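What follows is a short report on a single structure.
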Number of protein chains: 2
Amino acid sequence: METRELRYFVAVAEELHFGRAAQRLGIAQPPLSRAIAQLERRLGVALLERTSRAVALTEAGSVLLVEGRAALDAVEAAERRTRRAALAGAGQPGLVLVTKAGASGELLSKLLDAYASEPGAVPVDVLLCGVGEQERLLRDGRADVALLHRPFDSTVGLDSEELRTEGQVVVLPAGHPLTAQAQVRMADVAALPGLPPPRRPGPDGTYPDGPGPQIRDNAQLYQLIALGRASAVLPESCRADLRRDLAAVPVVDAPTVTTVIAWPPHSRSLALAGLIRTAIRL
Amino acid sequence: METRELRYFVAVAEELHFGRAAQRLGIAQPPLSRAIAQLERRLGVALLERTSRAVALTEAGSVLLVEGRAALDAVEAAERRTRRAALAGAGQPGLVLVTKAGASGELLSKLLDAYASEPGAVPVDVLLCGVGEQERLLRDGRADVALLHRPFDSTVGLDSEELRTEGQVVVLPAGHPLTAQAQVRMADVAALPGLPPPRRPGPDGTYPDGPGPQIRDNAQLYQLIALGRASAVLPESCRADLRRDLAAVPVVDAPTVTTVIAWPPHSRSLALAGLIRTAIRL
DNA sequence: TGCCGCCGGTACCGTTGGGGCATGGAGACG
DNA sequence: CGTCTCCATGCCCCAACGGTACCGGCGGCA
């Protein structure tokens with residue numbers, strides 16, 4: 001199976017429409033039809049159910065969609081990492097670390113400082129991204145290592161080491177009645193009138209239904225909380241860089257959050273190993 | 001990057017010889033030279049250092065060898081799993097479980113019995129293989145799930161659940177003086193005259209240097225122990241299917257062995273989920 | 001030192017097959 | 001029943017893959 005065939009199939013499987021898929025791929029529709037038909041012939045498997053009105057995935061087609069995406073990511077990763085390895089000989093890029101915008105800022109800066117002072121350290125680029133994007137970036141080679149937060153992020157398919165575990169706090173506008181308390185419970189937070197938890201985009205970029213404002217990162221969230229439009233339960237390390245107009249109260253029965261450093265399983269890079277060692281020693 | 005290019009590069013990188021690689025690929029040498037040159041041009045990266053006498057990998061080439069193998073495995077896995085998914089509609093194959101020959105036999109048979117009596121169970125093929133092959137089989141789609149033994153097997157890049165933890169025993173010929181003791185220590189085993197531990201093949205199929213007989217599976221090992229040519233420290237569950245002419249003595253300070261059930265991280269199969277649930281409940 | 005053999009690269013050529021355009025054919029809809 | 005939508009088919013062209021023949025560099029050997 002060639003990656004071209006896989007790319008074609010994934011496009012059709014995602015669009016469920018040969019015309020649109022062909023447009024997305026920048027080719028005409030007939031060659032696409034033929035390519036898919038040939039793929040099915042070579043596999044000996046029906047991947048799509050076509051009627052003249054609609055296209056649907058077969059059971060085998062769904063499997064190939066999932067597995068094919070993973071395979072394409074792996075090929076892309078191979079290409080990107082090879083390019084980066086060549087540049088690394090020339091000097092510049094080193095490692096790319098990805099983490100969620102506005103999370104673990106203090107831990108991250110400590111880690112970068114500590115690593116930079118190690119002998120043999122290479123330059124580290126920091127990439128900030130939205131929730132759920134990190135895994136993808138690691139898998140397709142755009143990043144080498146990530147700071148993740150369990151249980152929100154999954155470490156499925158990655159190697160990881162735990163760095164720290166912390167409780168959570170509820171973030172509220174300064175002066176909110178609840179901020180007078182030394183601690184609260186999840187039930188208190190859930191009962192806050194007019195302060196629903198925000199909605200974050202899922203892996204596919206869409207937002208779940210329900211109340212609460214849609215947000216993309218913590219800066220947006222803080223602004224909405226300051227405006228009295230939302231509240232949020234966050235790891236307590238967020239207090240280190242909280243705005244002056246917000247306050248945080250520990251939530252005693254919230255699940256603890258574990259910050260982990262994670263990397264693709266078969267990495268062999270010495271620089272990465274050094275960064276991980278530094279992180280564990282922190 | 002097309003899989004054809006990757007296959008070609010991996011062949012050359014493994015052989016370090018264009019002629020042999022071409023032969024292995026079933027093509028002539030000139031097209032292979034051209035394909036590699038074109039790959040390097042498209043990537044903008046030198047992958048090989050050629051002299052007229054020898055071919056060597058560059059830094060970037062080593063990266064592409066590792067990453068490319070992983071990518072090719074992922075593509076193969078996509079193909080195999082798609083084919084299997086199509087057959088599963090027709091009924092037969094179900095799941096493929098892989099484990100080391102001669103390990104966890106009792107646990108395995110319990111698991112298979114328990115799963116078979118679940119509602120909605122599918123047929124499970126059992127594949128027995130040598131040490132270190134399981135990870136490969138899971139990654140390239142020839143198997144769906146494996147029983148692994150930490151710390152001997154790595155679960156890098158896989159999802160897993162622990163099933164049981166056990167101590168280890170030393171296996172000796174029946175009647176050996178040490179079998180009179182209720183327990184021994186690692187130092188006692190290491191000091192056994194003329195009974196070195198066996199050597200098992202590594203991931204590349206070669207044996208480490210040193211004393212001790214070369215073995216491929218536990219049946220060979222048992223025969224060598226019975227002949228008085230070797231001894232071995234194994235998980236205590238091996239006692240369940242030990243030959244009559246062998247005896248086992250607990251080793252109190254040997255590392256404990258954890259049997260885990262492991263599967264590729266992005267599996268979405270209901271049948272697999274059922275098998276895993278059954279295993280955890282055992 | 002000059003010949004030989006090994007090895008990778010280059011030149012050239014035939015053929016495969018991917019892609020474009022035009023068209024066919026089946027089903028939904030008014 | 002005409003029309004529209006959408007996937008498949010027929011036909012053509014050309015890029016590119018693979019094969020054969022040959023070149024050039026380099027080490028070994030007499």
Side-chain angles (χ1 to χ4, degrees), chain A residues 1-62 64-65 68 71-72 75 79, chain B residues 1-62 64-65 68 71-72 75 78-79 86:
Chain A
M1 218 167 25
E2 292 301 312
T3 59
R4 184 182 49 82
E5 301 177 286
L6 267 182
R7 275 190 295 268
Y8 286 8
F9 173 75
V10 169
V12 175
E14 285 178 355
E15 300 283 348
L16 292 177
H17 189 292
F18 280 73
R20 279 195 301 275
Q23 197 172 357
R24 199 173 106 184
L25 293 166
I27 65 173
Q29 170 264 318
L32 180 58
S33 284
R34 265 184 315 219
I36 301 292
Q38 177 179 331
L39 176 61
E40 289 180 304
R41 219 177 319 123
R42 281 214 267 253
L43 286 174
V45 168
L47 301 170
L48 300 168
E49 315 258 15
R50 300 106 150 131
T51 70
S52 65
R53 304 304 294 172
V55 176
L57 285 172
T58 63
E59 193 60 33
S62 320
L64 186 57
L65 177 56
L72 288 175
V75 172
E79 191 166 337
Chain B
M1 219 168 20
E2 291 302 311
T3 58
R4 184 181 49 82
E5 301 177 287
L6 267 182
R7 276 191 293 269
Y8 285 9
F9 173 74
V10 169
V12 175
E14 285 178 355
E15 300 284 347
L16 292 178
H17 189 291
F18 280 74
R20 278 196 302 275
Q23 198 173 356
R24 200 172 104 184
L25 293 165
I27 65 172
Q29 170 262 319
L32 180 58
S33 284
R34 260 178 303 155
I36 302 293
Q38 178 180 331
L39 177 62
E40 289 179 303
R41 219 175 320 122
R42 281 215 269 251
L43 286 173
V45 169
L47 300 170
L48 300 167
E49 315 258 16
R50 303 109 149 126
T51 70
S52 65
R53 303 304 290 173
V55 175
L57 286 171
T58 63
E59 193 60 34
S62 319
L64 186 58
L65 177 57
L72 288 175
V75 172
E79 192 166 338

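Worth saying up front: this structure is predicted, and the values here are computed from it rather than measured. Naming: A, B, ... by sequence-line order, numbering from 1 per chain.
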Write down the distance between [atom1] ([X]) and [atom2] ([N]), rounded to a whole number of angstrom.
{"X": "B/L32", "N": "D/dT20", "atom1": "CG", "atom2": "P", "value": "15 Å"}
{"X": "A/F18", "N": "D/dA8", "atom1": "CZ", "atom2": "C1'", "value": "9 Å"}
{"X": "B/E2", "N": "D/dC17", "atom1": "CD", "atom2": "P", "value": "9 Å"}
{"X": "A/R41", "N": "D/dT9", "atom1": "CZ", "atom2": "C1'", "value": "12 Å"}
{"X": "B/L47", "N": "C/dG8", "atom1": "CG", "atom2": "P", "value": "16 Å"}
{"X": "A/L25", "N": "C/dG20", "atom1": "CG", "atom2": "C1'", "value": "15 Å"}
{"X": "A/I27", "N": "C/dG19", "atom1": "CD1", "atom2": "P", "value": "5 Å"}
{"X": "B/Q23", "N": "D/dG19", "atom1": "CD", "atom2": "C1'", "value": "16 Å"}

Inset, instruction - Nearest-nucleotide wise, let me know which of B/P30 and B/A35 is further upstream toward the 5' end of DNA chain D. - result: B/A35
Inset, instruction - Check the surroundings of atom CD in A/E14: do more than 12 heavy atoms from other residues, nucleotides or ligands lie under 6.0 Å from it? - result: yes
Inset, instruction - Mark yes when over 12 heavy atoms from residues, nucleotides or ligands other than A/E15 sit less than 6.0 Å from its CD; otherwise mark no. - result: yes
Using only side-chain N and O atoms of [X], determine if any of them is under 4.0 Å from OP1 or OP2 of [N].
{"X": "A/S33", "N": "D/dA8", "value": "yes"}
{"X": "A/R34", "N": "C/dG19", "value": "no"}
{"X": "B/Q38", "N": "D/dC17", "value": "yes"}
{"X": "B/R50", "N": "D/dC26", "value": "no"}

State which of [options] makes the closest approach to the side chain of [X].
{"X": "A/Y8", "options": "D/dA8, D/dA21, C/dG19", "value": "C/dG19"}
{"X": "A/H17", "options": "C/dG8, C/dG18, D/dC6", "value": "D/dC6"}
{"X": "B/P31", "options": "D/dG18, D/dC7, D/dC17", "value": "D/dG18"}

Inset, instruction - Answer with base, sugar-phosphate or nothing: what part of the nucleic acid does B/E5 contact at a heavy-atom distance below 4.0 Å? - result: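 The answer is nothing, as B/E5 stays clear of every strand by at least 4.0 Å.
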Inset, instruction - Mind checking A/A28 for me? I need base, sugar-phosphate or nothing, with any heavy atom below 4.0 Å counting as a touch. - result: sugar-phosphate
Legend entry - Proximity to DNA chain D (any heavy atom under 4.0 Å), residues of residues 54-61 of chain B only: none
Inset, instruction - Could you check B/L64 against B/L57 for side chain to side chain contact (heavy atoms under 4.5 Å, CB included), going step by step and ending with a plain yes or no? - result: CA-CA 10 Å; B/L64 186 58; B/L57 286 171; over 6 Å; no
Inset, instruction - Measure the CD-CG distance between A/E40 and A/L48 for me, rounded to the nearest 0.5 Å. - result: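 The distance works out to 5.5 Å.
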Can you give me every donor-acceptor pair (side chain of residues 3-12 of chain B, partner residue at least two apart or in another chain, under 3.5 Å) with its distance?
residue, atom, partner, partner atom, Å
B/T3, OG1, A/M1, O, 2.9
B/T3, OG1, A/E2, OE1, 3.1
B/T3, OG1, A/E2, OE2, 3.0
B/E5, OE1, B/E2, N, 2.9
B/E5, OE2, B/R42, NH2, 2.9
B/R7, NH2, A/E2, OE2, 2.8

Legend entry - Working for side chain to side chain contact (heavy atoms under 4.5 Å, CB included), residues A/V45 and B/E79: CA-CA 10 Å; A/V45 168; B/E79 192 166 338; over 6 Å; no
Inset, instruction - Grab the two heavy atoms, one from B/A78 and one from A/G68, that are nearest each other, plus how far apart they are. - result: CB-N, 4.1 Å
Inset, instruction - Compare every heavy atom of A/A46 with every heavy atom of A/A60, then report the nearest pair and how far apart it is. - result: CB-O, 4.0 Å
